[in-house]
There are 2 protein chains.
Amino acid sequence: MPANILLVEDEPAIQELIAANLTRAGHTVMRASDAETAQRIVREALPDLVLLDWMLPGMSGVEFARRLRADERTRGIPIIMLTARSEEQDKVMGLDIGADDYITKPFSPRELVARIKAVLRRRAPQATEDAVELGGLRLDPATHRVTAAGELVNLGPTEFRLLHFLMTHAERVHSRSQLLDQVWGDHVFVEERTVDVHIRRLRSALEPSLHDRLVQTVRGSGYRFSTEITEMVNN
Amino acid sequence: MPANILLVEDEPAIQELIAANLTRAGHTVMRASDAETAQRIVREALPDLVLLDWMLPGMSGVEFARRLRADERTRGIPIIMLTARSEEQDKVMGLDIGADDYITKPFSPRELVARIKAVLRRRAPQATEDAVELGGLRLDPATHRVTAAGELVNLGPTEFRLLHFLMTHAERVHSRSQLLDQVWGDHVFVEERTVDVHIRRLRSALEPSLHDRLVQTVRGSGYRFSTEITEMVNN
DNA sequence: GTTACCTGTCACATAAACGTCACGATGCGG
DNA sequence: CCGCATCGTGACGTTTATGTGACAGGTAAC
């Protein structure tokens, strides 16, 4: 879950330190030394999260936060406040404004990264993935369970994701490269034939329980999940 | 989130002022002018939060707080300390005892209400206090006891909370970071692998009595409590 | 103090899952 | 019916995730 983070911090040394750590954690960082600059950046590129120093020259961090909350487009962006002292009053005001967390300096890089992760996760679309049921097959993301004709089926992580994708995009044909993008992720580099192998593993896990070939091969194009059996030959 | 608040304050004027503001914020208020009265009230009706003056006639606020923390039933109730002095030592002592926040007089009503909101929100996700019984396991939050197939099992505090959470959210898969948030709290920072270790401690405490693996591993995703045993299926 | 937990972290062991290949099987166009 | 392209399959070495035992620090009870 790499994120695009806006860092608003006037002290150059600290800004550099934080930015380095964020980058190392896989995030991209946009920097501003004052609230005015930050405001300008926000207008152009919406960040996923704002790291905001409490004390800033000119417009205060509080004021900047308030404006973020006032604007429709930026209202949902989580804010983590940075503050030099652990003054309780600041904390209350910050949380009151709608900051999602606050960190008092000095803090460890690990702690910072951990909190960012926590806030992003909390804000993340709590997509309550619904179970899919199709052709005697049932796949439930919440329990991470697959049932074929009532029987529990054991799948590896990749086969699970593969089946999930195929079932939620049933009846459609997916090329190997499409499947690699959707199931493996578009950054990984694996052979296309690897898909074949996982399809095989998927079938051999499902078909002892089912007697129809739901995961079908479309020669020259790819694979498809379908309840409509085109042709089934076995012995 | 309206709450039932116990206000312990000996100065009538201040008590009245605070009570009025709390009521206006939608809370219900129980009042006491001294710690003895407060103690009596607590025995009859558990408050959601205690607003406690530091300096009281007779038993001091500190002593009252200590007793609240000592009793199983009142241990979880958040405490906000009120004090006229802003001396660091008091603050440290207060937080040491287990106060959740600390406010020095004079304070604005708005600040008070904001802090109460913050503290309540922090404490908000309180699990149900009912006993859970599942798959031969019985866990009772009230007595802090766990029985596996009739036999009493000894668990450390963390293992207890972990099991409690897993049982009250059975069948669902929880990632390590979700478990850290829910069982440890989202402000704590520990390694994700620490979860593994506690799962192991939990298992080795339970499994001598049970013969099924109720705490299951879902490779690549996390852990799950389930009475439905996933079998290993081979080709 | 001393003792007996409990805790978080590590290093290492174990097991599952992964990606790749070689080869055989199958389908399709000519 | 042939030949080529495509796909299925089993095996295998490697990578990754999880299980496990040990350890140092911390805390509370005694």
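All figures in this text were calculated on a predicted structure; none of them were measured in a lab.
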Original post:
Just to confirm, is there a sub-4.0 Å distance from OP1 or OP2 of C:dG8 to any side-chain nitrogen or oxygen of B:W184?
Top reply: yes
Subject >> Aromatic ring pairing B:H169/B:H174, orientation class (parallel under 30°, perpendicular over 60°, tilted between) >> reply: perpendicular
Original post:
How would nucleotides 17-30 of chain D be written as a contact map, 5' to 3', with B for base contact, S for sugar-phosphate-only contact and - for no contact, using protein heavy atoms under 4.0 Å?
Top reply: BBBBBB--------
**OP:** Could you tell me the separation between the CD atom of A:E191 and the C1' atom of D:dC7, rounded to a whole number of Å?
**Re:** 15 Å
Original post:
Would you say the side-chain atoms of B:T194 and B:R176 include a donor-acceptor pair closer than 3.5 Å?
Top reply: no
**OP:** Calculate the interatomic distance between A:Q216 atom CD and D:dG8 atom C1'; express it in whole Å.
**Re:** 16 Å
**OP:** Given side chain to side chain contact (heavy atoms under 4.5 Å, CB included), test B:N4 with B:M30 step by step and report yes or no.
**Re:** CA-CA 8 Å; B:N4 187 19; B:M30 304 183 292; 3.8 Å; yes
**OP:** Indicate whether the side chain of B:R203 and that of B:T217 have a donor and an acceptor atom separated by less than 3.5 Å.
**Re:** yes
**OP:** Write down the distance between CG (A:L162) and C1' (C:dG19), rounded to a whole number of angstrom.
**Re:** 15 Å
**OP:** Using a 4.0 Å heavy-atom cut-off across all strands, classify B:E159 as base, sugar-phosphate, or nothing.
**Re:** sugar-phosphate
Original post:
Could you give the CG-to-P distance, from B:L202 to C:dC6, as a whole number of Å?
Top reply: 13 Å
Subject >> Evaluation steps, salt bridge (Lys or Arg N to Asp or Glu O under 4.0 Å), between A:R224 and A:E171 >> reply: CA-CA 6 Å; A:R224 158 180 64 193; A:E171 304 301 338; 5.5 Å; no
**OP:** Find the distance A:L206:CG to D:dG8:C1' and express it as a whole number of Å.
**Re:** 16 Å
**OP:** Tell me yes or no: between the side chains of B:S33 and B:D10, is some donor less than 3.5 Å from an acceptor?
**Re:** no
Subject >> Below 4.0 Å: OP1/OP2 of C:dA17 and any side-chain N or O of A:T158 >> reply: no
Subject >> Separation of atom CG in A:L179 from atom P in D:dC7, rounded to whole Å >> reply: 12 Å
Subject >> 5′-ward residue of the pair B:H198/A:F189 relative to DNA chain C >> reply: B:H198
Original post:
Parallel, tilted or perpendicular for A:H144 and A:F160, by the 30°/60° rule?
Top reply: parallel
Original post:
Whole Å only: how far is the CG atom of B:N154 from the C1' atom of C:dT7?
Top reply: 16 Å
Original post:
Over how many whole Å does the gap from B:R161 atom CZ to C:dC6 atom P extend?
Top reply: 13 Å
